[in-house]
Amino acid sequence: MSPSDTPITTEDDEGSRDFIRDIVHEDLNSGRKSSVVTRFPPEPNGYLHIGHAKSIVLNFGIAEEFGGRCHLRFDDTNPAKEEQEYIDAIQEDVRWLGFNWGDHLYYTSDYFEQLYVWAQHLITEGLAYVDDLTADEIREHRGTLTESGTNSPYRDRAPEESLDLFQRMRAGEFENGAKVLRAKIDMSSGNINLRDPVIYRILHAEHPRTGKDWCIYPNYDFAHGQSDAIEEITHSICTLEFEDHRPLYDWLIKNLPVPSEPHQYEFARLNLTYTVLSKRRLMQLVNEGHVEGWDDPRMPTISGYRRRGYPAAAIRDFAGRIGVSKSNATLEVQALEACVRDHLNTHAERRMAVLNPLKVVIENYPEDQSEELDALNNPNDETAGKRKVPFSRELYIERDDFMEDPPKKFFRLAPGREVRLRYAYFVTCTEAIKDDNGEIVELRCTYDPETKGGNAPDGRKVKATLHWVSTAHAVGARIHQYEHLFTEEIPGGGAGDFLEDINSNSLSILTGCKLEPALQNAKHGETVQFERLGYFCLDKTATSDELVFNQTIGLRDNWAKVKAKG
RNA sequence: UGGGGCGUAGCCAAGUGGCCUAAGGCACCGGCUUUUGAUGCCGGCAUUCGGAGGUUCGAAUCCUCCCGCCCCAGCCA
């Protein structure tokens, strides 16, 4: 089963109330709205990340819960930054997350002609004018946060003149920046967005979808609300930084002959510890080569998590668990990781793999013998079935599972001590063989044939169970392990640049790892548990010659805690 | 110093005047179970809701003042 095959409605519907759902509920109850239409409106200027997932789950989730629909709309009003590559990647990611927009795929650029007509309408009504001021001059006239602005000398130019100029802007008569169209609102407003905001600018650039059809483009403010109105969006949900824009959103809806009256609601965007979630920074990580690409398994992008082996269901679950509010929140990554472990624990099949091999010879096991032992694919799920694992005289175990001179609380293998090899036998260590440098290179053990399968007929117990792989049957692999990409909870939170907080140990590559043969058939998109270690998935770079696995996440490790306490 | 928001446990987050001596999750700490030191199970973890006053029989929820944090001065979204 691939992660995206899991149903999306299983996570609790109960208790997932939030202020936005309250509003939707109330709108429906009061009859203010008769249906619910939401939209997820990404700008195709980068890849989707976990923060977007929160918005996607919110928008598609509300639509589904209230029997409405959710549109996917590309907010493509800035050809200088947008690319087809991103349009494609975004669709793939939303789909992988498990959401379906049906026929409702839209582009703001589909509305350019209508938007242009509405801009003319505003001019005719005396509510917009073409301004000849330069960008610098406009900024100077805007005033400051505490001082009101001053009117542009072109503010009162006749509508006919503005109309003519606006048409000539469209015709391509002017250079970039020579003129802009501004809404005529209030230069003394405390809300800077209302100080005659620019709504159209000249941009001689090729658009991914409209090509060279246009050389003037509406900006976000002039495009978003009207696009919502055209699509009859009922609840336009965005993040907190747009709160200041709502009066402008409403002003445009009120002053334009739009077909419906959408409303905007804002919620707090997601922040995660030890990660960076701004497109600018993610772009920088990619462009400057700090990671391998947008889908580097250390990236908080949807594609990064997918390659890392995070199930889509876990990301959905996370988005549901964290809630929606207006308080600026930074979640601990552990909350996300807990969702990943939760899902994988119940769904991932188990296998055995040795990351740092130490050879073990079972002295009393016949030289040329080997046998196939039964192993459960998932002890927590009867239906997962079982598989055969080959056992023989020579095995690999994890180096960390042996200590020549163990401390009190270490109860794995040590000289003279008996432990269980999972699904196999009890073995007792008789000797540790070292090389000239004193390094342990091999263990000699004996096994008890009576304990086949892992239980002693005489009822004696053993304190530890180790995973292992038969040397003759082992499959080699390279394994990538990851730590957080940053060493600080809030990268760049101090005085320095966020790049200074990059964790130089975020990737470790282990070669010469030994896997049980069943892993030879590992499939892309399937995350499995390597018993006692963690969850792993086949990387996209794996070939039939070289298996490459990414560590999705480790198992909780209490021994590490005990060890650390000393 | 203008405008817009937010402040409930280490991190999220329910709660909208009495059933709150405040739900749930993550984290953390104990115990039990365990052929993964995993999982599971049980228990603990805010007499207090940014602070101070006030209204009320009664406040996290209402009022006043104060404090702290976030966003806004792109022809980005």
Side-chain angles (χ1 to χ4, degrees), chain A residues 12 15 17-18 41-43 45 75 77-78 80-81 131 133-135 138-140 142-149 176-182 188-195 197-203 216-217 219-221 223-224 238-247 266 268 273 279-280 318 321-339 341-342 345-346 350 352 375-376 379-380 409-412 420-424 426 451 453-455 461-467 489 529-534 554-563:
Chain A
D12 56 297
R17 283 261 100 60
D18 54 70
E43 183 191 10
N45 66 344
D75 211 342
T77 57
N78 186 358
K81 295 185 174 176
D131 196 342
L133 256 29
T134 65
I138 286 179
R139 185 173 353 97
E140 284 159 19
R142 190 153 30 226
T144 69
L145 293 178
T146 54
E147 302 160 50
S148 79
N176 286 356
K179 295 183 182 343
V180 291
L181 183 68
R182 292 229 255 169
S188 65
S189 172
N191 182 345
I192 290 176
N193 292 299
L194 263 22
R195 318 242 263 230
V198 168
I199 55 177
Y200 257 94
R201 74 286 210 191
I202 299 171
L203 232 43
I216 58 172
Y217 293 91
N219 68 172
Y220 169 86
D221 287 307
H224 207 95
C238 62
T239 44
L240 252 28
E241 65 270 29
F242 291 101
E243 253 174 332
D244 285 346
H245 293 242
R246 183 161 18 98
E266 312 85 10
T273 56
K279 281 197 193 170
R280 198 205 102 234
F318 173 68
R321 282 194 205 183
I322 61 179
V324 178
S325 76
K326 300 191 70 152
S327 59
N328 226 309
T330 300
L331 272 112
E332 296 171 328
V333 252
Q334 291 94 304
L336 206 211
E337 295 170 345
C339 293
R341 288 198 182 96
D342 266 12
N345 176 50
T346 59
R350 267 113 253 228
M352 289 199 284
L376 264 22
N380 297 344
K409 289 175 178 164
F410 182 90
F411 45 81
R412 274 113 94 147
R420 169 168 42 230
L421 292 181
R422 178 140 238 220
Y423 298 124
F426 282 12
T451 59
N455 284 304
K461 300 292 183 197
V462 101
K463 289 204 77 175
T465 300
L466 310 186
H467 59 277
E489 283 204 355
Q529 182 190 104
F530 288 179
E531 294 218 37
R532 301 212 303 134
L533 296 173
L555 252 29
R556 272 201 188 79
D557 189 356
N558 254 295
W559 165 237
K561 279 186 196 172
V562 172
K563 204 166 49 173

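Each chain gets a letter, A, B and so on, in the order its sequence line appears, and its residues count up from 1.
Defined by atom type and a distance below 3.5 Å, a donor-acceptor pair is missing between the side-chain atoms of Thr465(A) and Arg422(A).
Listed candidates were A77(B), U36(B), U1(B). Nearest to the side chain of Glu531(A) is U36(B). With distances taken from any side-chain atom of Ala338(A) to the nucleotides A27(B), A38(B), A77(B), the minimum falls on A27(B). For Arg201(A), counting side-chain heavy atoms from C-beta on, the closest listed nucleotide (C75(B), C72(B), G37(B)) is C75(B). Listed nucleotides: A73(B), C75(B), A27(B). Nearest to the side chain of Ala135(A): C75(B). Looking at the side chain of Gln334(A), the nearest of the listed nucleotides C75(B), A38(B), A27(B) is A27(B).
Counting heavy atoms from C-beta on, the side chains of Lys279(A) and Glu43(A) come closer than 4.5 Å. Inter-residue side-chain proximity for Tyr423(A) and Leu376(A) is flagged as met; some heavy-atom pair is nearer than 4.5 Å.
The shortest distance between the side-chain N/O atoms of Arg139(A) and the OP1/OP2 oxygens of G74(B) is below 4.0 Å. Side-chain N/O atoms of Arg142(A) include none lying less than 4.0 angstrom from OP1 or OP2 on G2(B). Taking 4.0 angstrom as the limit, Thr146(A) places none of its side-chain polar atoms (N or O) nearer than this to OP1 or OP2 of G3(B).
Nucleic acid contact class of Arg350(A) (heavy atoms, under 4.0 Å, all strands): base. Nucleic acid contact for Lys561(A): sugar-phosphate only, since backbone atoms but no base atoms lie under 4.0 Å from a heavy atom of the residue. Residue Phe426(A) is out of contact with every strand shown, counting any heavy-atom pair closer than 4.0 Å. Residue-level contact check: Glu332(A) touches the bases, meaning some heavy atom is under 4.0 Å from a base atom. Using a 4.0 Å heavy-atom criterion, one finds that Arg422(A) contacts the bases of the nucleic acid, with or without backbone contacts as well. Residue Asp131(A) is classed as having no contact, given no heavy-atom separation below 4.0 Å to the nucleic acid. Within the nucleic acid shown, Leu133(A) comes within 4.0 Å of at least one base atom, counting heavy atoms only. Pro42(A) comes within 4.0 angstrom of no nucleic acid atom, judged by non-hydrogen atoms across all strands. At the heavy-atom level, Phe242(A) lies under 4.0 Å from base atoms of the strands shown. Across all strands shown, Thr134(A) has heavy atoms under 4.0 Å from base atoms, whether or not it also approaches the sugar-phosphate. Among the heavy atoms of the strands lying under 4.0 Å from Val198(A) are primed sugar atoms or P, OP1, OP2 only; no base atom is included.
The base of U1(B) is not paired with the side chain of Glu147(A) by any donor and acceptor separated by under 3.5 Å. Taking 3.5 Å as the limit, the base of A38(B) and the side chain of His467(A) contain no donor-acceptor pair of atoms between them. Residue-to-nucleotide contacts include no donor-acceptor pair under 3.5 Å from the side chain of Glu266(A) to the base of G5(B). Contact of Asp557(A) with G37(B) (side chain to base): no donor-acceptor pair of N or O atoms is detected under 3.5 Å. At a cut-off of 3.5 angstrom, counting only N and O atoms as typed in the model, there is no donor on one side facing an acceptor on the other between the side-chain of Arg556(A) and the base of U39(B).
By the criterion of a centre-to-centre distance under 5.5 Å and near-parallel planes under 30°, the ring of Tyr220(A) forms no stack with the base of A77(B).
Asn219(A) places its CG atom 8 Å from the P atom of C75(B), with the value rounded to the nearest Å. Atom P of nucleotide C72(B) and atom CG of Asn191(A) are separated by 13 Å, given to the nearest angstrom. We find that CZ of Phe318(A) is positioned 14 Å from C1' of A27(B), with the value rounded to whole Å. Rounding to whole angstrom units, CD of residue Glu489(A) and C1' of G10(B) are separated by 9 Å. Atom P of nucleotide G3(B) and atom CZ of Arg195(A) are separated by 11 Å, given to the nearest angstrom. Going from atom CD of Glu337(A) over to atom P of C28(B) covers 11 Å, rounded to whole Å. A38(B) atom C1' lies 12 Å from atom OH of Tyr423(A), rounded to whole Å.
Arg420(A) contributes a side-chain N or O that, together with a main-chain N or O of Gly454(A), makes up a donor-acceptor pair within less than 3.5 Å. Looking at Arg201(A), its side chain never comes within 3.5 Å of a backbone N or O of Gly177(A) through a donor-acceptor pair.
The separation of A9(B) from A14(B), taken at their C1' atoms, amounts to 14 Å, rounded to a whole angstrom. For the P atom pair drawn from C26(B) and G40(B), the interatomic distance equals 9 Å after rounding to whole Å. Between U1(B) and C65(B), the two P atoms lie 16 Å apart (nearest whole Å). Separation of the P atoms belonging to U21(B) and C67(B) is 32 Å when rounded to the nearest angstrom. Rounded to whole Å, the separation between the C1' atoms of G15(B) and C29(B) comes to 27 Å. Using C1' as the reference atom, C11(B) and U16(B) are 24 Å apart when rounded to the nearest Å. Comparing A23(B) with U8(B), their P atoms are spaced 16 Å from each other, to the whole Å. The P atoms of C69(B) and C12(B) are separated by 16 Å, rounded to the nearest whole Å.
Lys326(A) and Glu243(A) are joined by a salt bridge, as a carboxylate oxygen and a charged side-chain nitrogen come within less than 4.0 angstrom of each other.
When each of Ile138(A) and Glu243(A) is assigned the nucleotide of RNA chain B with its nearest heavy atom, Glu243(A) is the one assigned upstream, toward the 5' end. Toward the 5' end of RNA chain B, the nearer of the two residues Leu240(A) and Tyr200(A), judged by each one's closest nucleotide, is Leu240(A).
A distance of 11.5 Å separates CZ in Arg139(A) from CG in Leu133(A), rounded to the nearest 0.5 Å.
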Pair Leu336(A)-Leu331(A), side-chain contact (heavy atoms from CB on, under 4.5 Å): steps then yes or no: CA-CA 9 Å; Leu336(A) 206 211; Leu331(A) 272 112; over 6 Å; no
Lys563(A)/Phe410(A) under side-chain contact (heavy atoms from CB on, under 4.5 Å): CA gap, chis, key distance, verdict: CA-CA 8 Å; Lys563(A) 204 166 49 173; Phe410(A) 182 90; over 6 Å; no
Test side-chain contact (heavy atoms from CB on, under 4.5 Å) applied to Asn78(A) and Leu203(A), step by step: CA-CA 9 Å; Asn78(A) 186 358; Leu203(A) 232 43; 3.8 Å; yes
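Base orientation for G24(B): anti, the chi torsion being more than 90° from 0.
Looking at residues two or more places apart in sequence or on another chain, you find a side chain to side chain donor-acceptor pair (under 3.5 Å) between Arg532(A) and Asp401(A), His467(A).
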Summary of protein contacts for nucleotides 12-17 of chain B, nucleotide by nucleotide, where a base hit scores B, a sugar-phosphate-only hit scores S (4.0 Å, heavy atoms): SSS---
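Pairing for C69(B) goes to G5(B), judged as Watson-Crick or G-U wobble with the two contacts each under 3.5 Å.
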